[in-house]
Amino acid sequence: MDEATSRPHIPVLREAVMGLLGCHAGGVYVDGTVGGGGYAEAILQASAPDGVLIALDCDAEAIARVQQRLPAYQNRLFLAQANFADLPHILEEFGQGPVDGIVVDLGVSTFQITDSARGFSFMLDGPLDMRMDRNLPQTASDLVNTLSERDLTSLIRDLGEERWARRIAGAIVLRRGIGPFTTTLELAKVIEKTVPKTKDSFRIDPATRTFQALRLAVNRELESLEQFLAQVLDLMKPGGRLCTVAFHSLEDRIIKHTFKEWSQSCTCPKNVPQCQCLGQPLVKLLTRRPSRPDPGEIERNPNARSARLRAVEKWERDTN
Ligand SMILES: C[S@@+](CC[C@H](N)C(=O)[O-])C[C@H]1O[C@@H](n2cnc3c(N)ncnc32)[C@H](O)[C@@H]1O
C-alpha cells in the first residue's frame with residue numbers, strides 16, 4: 001500500500017453503532033468489515049475484560065494493518081481475511097457458536113480509496129483494478145475491456161443508477177478501438193467528455209456513478225450482502241444484535257427490505273394457505289428509520305454524508 005498518500009480511516013457513526021450493539025463483558029462479537037479497526041477497537045474496549053471479537057476483511061492489507069494496530073488485544077481478537085458472506089465457515093473454523101452481535105460497515109475504506117495503486121479513485125491515476133480482495137479473478141479493466149456494449153450499459157445503469165449509461169458504454173467501446181483501458185484516469189477522461197454538463201456536474205463528478213458500478217460488480221458487493229443476510233440470523237443468539245452501515249442506496253434498499261420482512265409477524269411464504277410460523281417476527285427493529293450522521297460529523301468527515309445505519313435484535317422465540 002502507498003502509505004504516503006493514504007489518510008487514516010475515520011469510523012462513521014461509531015458511537016451510534018456502539019450504542020446499538022450493546023457490547024458487554026464476556027460477549028462474542030463479529031466485525032465483518034474491520035477496515036482500519038475503528039469499530040473493532042471500540043468493541044474490544046466495551047466488551048473488556050473477556051469479550052471476544054472475530055474480525056474479517058476481504059482485503060489482506062486491512063487485516064495486516066489491524067494486526068499491527070491492536071496488539072494489546074491479541075488474546076481475544078481473531079482476525080481473518082475473508083468475505084463476510086463466508087461467516088458461517090469462519091465461525092466454525094474459530095470454534096464459535098452463535099454470537100451476541102455483528103456489525104458490517106459496507107463499501108471501501110479511506111485507506112483503499114486514497115491508495116492510487118488500488119484503482120478505486122477517479123481522481124488519482126493508477127491501474128484500473130478496484131479489487132478489495134486481490135485474489136479475485138476480475139479487475140475493473142477486465143470488465144471495461146471485455147464486456148459488450150449492451151452489458152456495459154446494463155452494468156452502469158443498474159449498479160451506478162447512471163442516466164447516461166448508454167452513452168458512456170458507447171464511448172468506452174469506441175475508445176477501446178484504439179487500445180485497452182489500463183488506468184483510472186483514462187476511463188475518467190472518456191466519461192467526462194461523454195456526459196453532458198448539467199447543474200449536477202458541479203456537485204458530483206461525472207465519473208462517480210460509473211466507478212461505483214464497476215466497484216460493486218468487481219467485488220460482487222450486492223451478492224455478498226444478500227448471501228450474508230440469508231444466513232446471519234442463524235449465527236446470532238436470541239437477543240443478539242445486527243448493525244449495518246450502508247453508503248449506497250442499492251445496498252440500503254436490500255437491508256431495509258430484509259429487516260422489514262424479518263420484523264413482520266407472519267414470515268410464511270405467500271403461497272402457504274395457513275400461517276405456520278405462529279405469527280412471531282424474527283427480529284425487533286431497533287431503528288425504524290435509519291440513523292444518519294449529524295452535520296457536525298459530516299463536516300469532520302465528508303465521507304460519512306450518505307451513511308445509513310440500521311439495526312435489529314433477534315427475537316427470543318416463545319417455544320411454549
Ligand atoms: C468502510 S470500511 C470499514 C471501516 C471500519 N468500520 C473501521 O472502523 O475502520 C469497509 C471495509 O470493508 C471491507 N469489505 C467490503 N466488503 C466486504 C466483504 N464482503 N467481506 C469482507 N470485507 C469487506 C473493505 O475491504 C473495507 O476494508
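Counting convention: from 1, in listed order, for ligands and their atoms alike. The first residue in the sequence is number 1, and the count goes up from there.
- Counted within 6.0 Å of CZ on Arg176, heavy atoms from surrounding residues, nucleotides or ligands total more than 12; the atom is thus considered enclosed.
- Put simply, the side chain of Gln112 gets close to the backbone of Ser109: a donor and an acceptor are under 3.5 Å apart.
- In this structure, Asp252 pairs ionically with Arg310, as a charged nitrogen and a carboxylate oxygen lie closer than 4.0 Å.
- Across Thr244, Val245, Ile255, a single residue satisfies side-chain contact (heavy atoms from CB on, under 4.5 Å) together with Leu106, and that is Ile255.
- The residue from Val30, Ile43, Leu242 that alone fulfils the side-chain contact (heavy atoms from CB on, under 4.5 Å) condition with Val103 is Ile43.
- Ion pair Glu161/Arg253 flagged as a salt bridge, since at least one NZ, NE, NH1 or NH2 atom sits closer than 4.0 Å to an Asp/Glu carboxylate oxygen.
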Which pairs of N or O atoms, one from ligand 1 and one from the protein, are separated by less than 3.5 Å, and what is the distance for each pair?
from, atom 1, to, atom 2, distance (Å)
ligand 1, 6 (N), Asp105, OD2, 2.8
ligand 1, 8 (O), Gly38, N, 3.1
ligand 1, 8 (O), Tyr39, N, 2.9
ligand 1, 9 (O), Gly36, N, 2.9
ligand 1, 9 (O), Gly37, N, 3.3
ligand 1, 9 (O), Gly38, N, 3.3
ligand 1, 19 (N), Asn83, OD1, 3.0
ligand 1, 20 (N), Phe84, N, 3.0
ligand 1, 22 (N), Cys58, N, 3.1
ligand 1, 25 (O), Asp57, OD1, 2.7
ligand 1, 25 (O), Gln112, NE2, 2.8
ligand 1, 27 (O), Asp57, OD1, 3.3
ligand 1, 27 (O), Asp57, OD2, 2.7

